[in-house]
Protein chains: 2
Amino acid sequence: MPQIDTKTRILDAAEHLFARDGFHSTSLRAITGQAQVNLAAVNYHFGSKDALLQAVFERRLHPLNQIRQDLLEQVLHTARQQNIRPRVIDLIGSFIEPTLAFRQSESGAQDFTTLVGRALVEPDPTVRDCFIKLVTPLFLQLSAALQLALPQIPAEILQARLQFTLGAMGHTMCTLGRPPLELPGILPPLPAEKIAELLINYVSSGLEAPC
Amino acid sequence: MPQIDTKTRILDAAEHLFARDGFHSTSLRAITGQAQVNLAAVNYHFGSKDALLQAVFERRLHPLNQIRQDLLEQVLHTARQQNIRPRVIDLIGSFIEPTLAFRQSESGAQDFTTLVGRALVEPDPTVRDCFIKLVTPLFLQLSAALQLALPQIPAEILQARLQFTLGAMGHTMCTLGRPPLELPGILPPLPAEKIAELLINYVSSGLEAPC
DNA sequence: ACAAAATTAAAACGATCGTTTTAAATGAGC
DNA sequence: GCTCATTTAAAACGATCGTTTTAATTTTGT
């Protein structure tokens, strides 16, 4: 048995390359080359390139979403106990902060963050549907919780604002790893924790805006 | 001479397919097939697939950005005359509203909107760099104008918030054309004008949020 | 009308892709 | 130690890609 499992080496390489170059621009030969395994190993262990992508998503997303869901329910529980409405900033925080913590803990998590950010606007159904399926339950819970926190805002407006929020979060996740825009007069990027704090503040303000 | 110019037919088909399937997932054969021109016509008229993409961007973006820039300068001019700070909502509006008007005027503009939304988070440098180059000048102007409108907000924070704004706008442009998320309990999508109004309100609130 | 330039048409090239096949090597169970 | 299932290795397959080449056709200038 080699140092690291073959399946794991493939997953790590795929995660990195999918995030850096995109799903379709990454060949199985590039993945197996970086993972130092045989080309056929992908189809043997995962069945197909599509199935590999799903495995890449699931490996990280299942534990991460579990944490987010626990945090979300904790926020809702506390609010119920105190008989107050949950705060938007806490609800959004329960979604964003585990992402940041996860990002800083595991190696390769940075790549995954980028990958998830892309998946939100991915044109290809292969990638998009695979990802959407995994985040839909949590997304619905967050949506319902926000409705609870902001009862004065009509549902269809809140739904639109949630879409804006998804866009801001996804784009931020994408660009956290790389230089934001190579522009003249651009300031040095802030550390990830500061960005996350600013993002929570930004989207909370947008979600709570008077109609 | 056929009804419509060959170059135009290629541009129309490419715009539609790039927006629907993405740049790399669209083959020149699919484009020339839909445009009903010969395969070699793309390389003859544009030189390469990459150059075709750039032509697709430029055709729409040059006139659109001109309108946005005129509107932006008009807002700044009015503010100077009245000796007041420009309003964030007007600055953002000068960016978003021409997009909406353009989207509803020309046929194929809807596809282009989607295409631009994608380009913001595109992993491939071919697509990304080509697009970024065309919007950088206007983006810098908008950034400077916002700094003027919000002098109390530190530049690096405003820069981060502008990134969030770009993400929200890009994602919204992407999803305007298609069903937002195929979820249970999802509400019917609002009309584009209403979405644009909500978006302006949302990002203005986020940009102006107290630190 | 004719020569030259521009455009379109058809076919082929070389490269790369995901996948499959076939064979060799490795491991566990008895 | 032998058997059998698992895993890895190497090679090839068929398909599709962007691009180029060569020839036919149309348009333009005079």
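Sequence lines set the chain letters: A, B, ... in the order given, protein chains first and strands last, and positions in each chain run from 1.
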By nearest atom, which of the nucleotides [options] is closest to the [X] side chain?
X	options	result
A:Arg29	C:dG18, C:dT21, D:dT20	C:dG18
A:His45	D:dG18, C:dA6, D:dT8	D:dT8
A:Tyr44	D:dT7, D:dC17, D:dT20	D:dT7
B:Asn38	D:dT8, C:dG18, C:dT8	C:dT8
A:Leu28	C:dG18, D:dC17, C:dT8	C:dG18

Sugar-phosphate only, base, or nothing, as touched by B:Thr26 at under 4.0 Å among non-hydrogen atoms: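 If one applies the 4.0 Å heavy-atom cut-off, B:Thr26 turns out to touch the sugar-phosphate alone, with no base involved.
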Short side-chain N/O contact to D:dT8 OP1/OP2 from A:Thr6, under 4.0 Å: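 Affirmative; the distance criterion is met.
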Presence of A:Ser27 side-chain N/O under 4.0 Å of C:dT16 phosphate oxygens OP1/OP2: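 Negative; the distance criterion is not met.
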Round to the nearest Å and state the distance from [X] atom [atom1] to [N] atom [atom2].
X	N	atom1	atom2	result
B:Leu39	C:dT8	CG	P	13 Å
B:Phe46	D:dG18	CZ	P	15 Å
B:Asp50	D:dG18	CG	P	10 Å
B:Ile31	D:dC17	CD1	C1'	12 Å
B:Lys49	D:dT20	NZ	P	15 Å
B:Asn43	D:dT20	CG	P	6 Å
A:Phe18	C:dG18	CZ	C1'	12 Å
A:Leu53	C:dT19	CG	P	12 Å

Member of A:Leu134, A:Leu138, A:Leu140 meeting the side chain to side chain contact (heavy atoms under 4.5 Å, CB included) criterion with A:Thr136: A:Leu140
Verdict with reasoning, A:Phe164 to B:Met169, per side-chain contact (heavy atoms from CB on, under 4.5 Å): CA-CA 7 Å; A:Phe164 307 152; B:Met169 296 197 311; over 6 Å; no
Contact check, side chains of B:Phe139 and B:Leu162, non-hydrogen atoms, under 4.5 Å: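 The answer is yes, as the side chains (C-beta and beyond) meet within the 4.5 Å cut-off.
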Geometric cation-pi criterion A:Arg161 and B:Tyr202, 6.0 Å radius, 45° cone: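 Cation-pi check for A:Arg161 and B:Tyr202: fails.
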Distance under 6.0 Å and angle within 45° of ring axis: A:Lys7 vs A:Tyr44: no
Pairwise 5' ranking along DNA chain D for B:Ser25 and A:Gln36, keeping only the more 5' one: A:Gln36
